[in-house]
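A short write-up of the structure that comes next.
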Amino acid sequence: MRTVVLKCPPDDLEKAAQVLREGGLVAFPTETVYGLGANALDEKAVAKIFHAKGRPPDNPLIVHLASAEDLPQVVASIPPEAIVLASRFWPGPLTLVLPRKDEVPLITTGGLETVAVRVPDHPLALELIRRSGVPVAGPSANLSGRPSPTTAAHVLEDLGDKVDVIIDGGPTGLGVESTVLDLTTSPPVLLRPGGVTWEALEEVLGKVILDPAILAKEPIEEGPVRSPGMKYRHYAPKAKVYLVEGQDEERIAARVDSLAAELAAAGLKVGVLATAEGAARCGRGLVLIGGSRRDPAALAASLFAHLRTFDRLDVDAVVVEGIKPVGLGLAVMNRLRKAAGYNIIEA
Ligand code: TXA
Ligand code: MG
């Protein structure tokens with residue numbers, strides 16, 4: 001298949017919308033990461049998403065809408081909390097899990113009776129969905145298990161021969177995926193931390209429970225998994241990742257440096273993902289700087305691109321400086337623990 005990369009004047013968007021209507025695959029930018037879109041109501045089109053990504057069939061997809069007014073197309077009932085959250089955070093990086101309407105095929109929801117929905121905050125995404133006239137199923141546009149794509153080039157790298165169209169909207173702003181919140185239970189459960197923080201949700205809803213899988217230090221084996229996506233190794237570069245954590249920032253930075261030195265002495269090619277403050281201490285390895293410790297937004301925005309860069313540099317090991325899991329830092333640390341495959345070093 002020849003993939004067409006579109007820079008997107010309105011005619012191009014119309015072409016991409018037509019591809020969606022006809023059951024094809026369109027990768028598109030959102031404010032979080034690039035999505036791999038298909039008509040969420042078309043079983044055959046959705047099957048192409050799972051095939052292209054190599055995604056396990058029990059991992060459900062997020063359905064993207066152009067407006068909260070379209071919720072009744074895919075959701076069987078809308079609780080009052082959903083209306084409050086939609087008016088506060090949509091368009092934006094918040095995904096709500098709600099009761100599924102029968103029209104949404106089970107392949108889209110990974111066999112669940114719930115459906116995850118969001119309205120993305122990106123003009124190209126919104127215009128694409130509007131013009132297609134259908135709800136758009138869209139997981140992150142990476143091969144299953146790889147870091148999510150934050151540029152069109154990342155999508156091309158993973159799925160170049162498997163999508164019909166890639167809409168190039170430049171680098172995405174946020175860099176980590178949307179927050180996933182389950183509203184089918186009381187109190188609501190945060191299934192995946194993301195662009196809308198836990199703190200911001202609790203301000204609106206009162207108590208919000210954090211799913212134990214979010215900051216697990218080892219894989220959770222027992223009991224049913226609330227968010228099927230959380231059980232798979234994810235966001236992982238090819239190198240072995242060592243995530244250094246602790247209470248004291250200076251000790252973390254010092255341990256990152258000594259661990260990088262130990263691995264280099266063992267003959268490994270070492271990459272270091274550090275904060276600007278921590279990088280000042282690093283004497284060893286290829287150091288990529290995510291941003292200041294005080295600026296988790298900068299760390300989030302560059303996280304996945306840096307993990308992909310280490311792949312291109314062909315390093316054997318990546319040593320990562322952990323940050324405080326508060327605000328957007330919770331999403332960053334959740335992705336890092338998964339990228340590390342729970343290989344956590346306490347400083
Ligand atoms: O920011 C984002 O959310 C991006 C952009 C493209 O919108 N999309 C994204 O999709 O990250 P994906 O498929 O990579 O992640 C969707 C997550 C998975 O962890 C999945 O298990 C969870 O949402 N999910 C989807 N539907 C669900 C449902 N009905 N119940 C519980 N979890 C669900
Ligand atoms: Mg994903």
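Counting convention: from 1, in listed order, for ligands and their atoms alike. Predicted model only: the values in this text are computed from it and were never measured.
Taking every heavy atom of I62 and a limit of under 4.0 angstrom, the matching atoms of ligand 1 come to 3 (O), 8 (N), 9 (C), 10 (O), 16 (C). Set against the non-hydrogen atoms of L191, the atoms of ligand 1 under 4.0 Å away are 31 (C), 32 (N). Interface atoms of ligand 1 facing T114, defined by a heavy-atom separation under 4.0 Å, are 28 (C), 29 (N), 30 (N). Applying the 4.0 Å criterion to heavy atoms of L112 picks out, from ligand 1, the atoms 28 (C), 29 (N), 30 (N). Those atoms of ligand 1 with a heavy atom of G35 less than 4.0 angstrom away are 6 (C). Close contacts of ligand 1 with H64, meaning ligand atoms under 4.0 Å from a residue heavy atom, involve 5 (C), 6 (C), 7 (O). Taking every non-hydrogen atom of S140 and a distance limit under 4.0 Å, the qualifying atoms of ligand 1 come out as 8 (N), 9 (C), 10 (O), 12 (P), 14 (O). Each of the atoms 1 (O), 2 (C), 4 (C), 5 (C) of ligand 1 lies under 4.0 Å from some heavy atom of T32.
Contact annotation for T109 and ligand 1: no heavy atom of the residue comes within less than 4.0 Å of the ligand. Neither the backbone nor the side chain of R100 comes within 4.0 Å of ligand 1, counting heavy atoms alone. Residue R55 touches ligand 1 through its side chain alone, judged by heavy-atom distances below 4.0 Å. At a 4.0 Å heavy-atom cut-off, ligand 1 does not touch D182 at all.
Distances from ligand 1 to the non-hydrogen atoms of G138 include at least one value under 4.0 Å.
Between the side chains of S292 and E277, at least one donor-acceptor pair of N or O atoms lies under 3.5 Å. Side-chain contact check for S178 and R192: at least one donor-acceptor pair (N or O, by modelled atom type) lies under 3.5 Å. No side-chain N or O of R100 forms a donor-acceptor pair with one of T184 less than 3.5 Å apart.
Compare G37, P60, P120 by their heavy atoms: the one nearest to atom 25 (C) of ligand 1 is in P60.
With hydrophobic clusters built from ILVMFWY side chains whose heavy atoms lie under 4.5 angstrom apart, V74 shares a cluster with L183.
Between E157 and R312, at least one side-chain N (NZ, or NE/NH1/NH2) sits under 4.0 Å from a carboxylate O, which counts as a salt bridge. Salt bridge absent: D248 and R255 never bring a charged side-chain N and a carboxylate O closer than 4.0 Å.
In this structure, K44 contributes its side chain and G23 its backbone to no donor-acceptor pair below 3.5 Å. With hydrogens and angles ignored, the 3.5 Å screen pairs no side-chain donor or acceptor of R335 with any backbone N or O of A300. Of the possible donor and acceptor atoms, one in the side chain of Y34 sits under 3.5 Å from a partner among the backbone N and O of G169.
Looking at P188 and D182, their side chains never come closer than 4.5 Å, going by heavy atoms from C-beta outward. Considering only heavy atoms from C-beta on, P120 stays 4.5 Å or farther from P91 through its side chain.
Residue side and main chain included, S144 places no N/O/S atom under 2.8 Å of the Mg ion (ligand 2).
Inclusion of T95 in the set of residues having an N or O under 3.5 Å from an N or O of ligand 1 is not warranted. For a threshold of 3.5 Å applied to N or O pairs, the pair formed by E177 and ligand 1 contains no separation below that value. Taking only nitrogen or oxygen atoms, main chain and side chain alike, Y34 does not reach within less than 3.5 Å of ligand 1.
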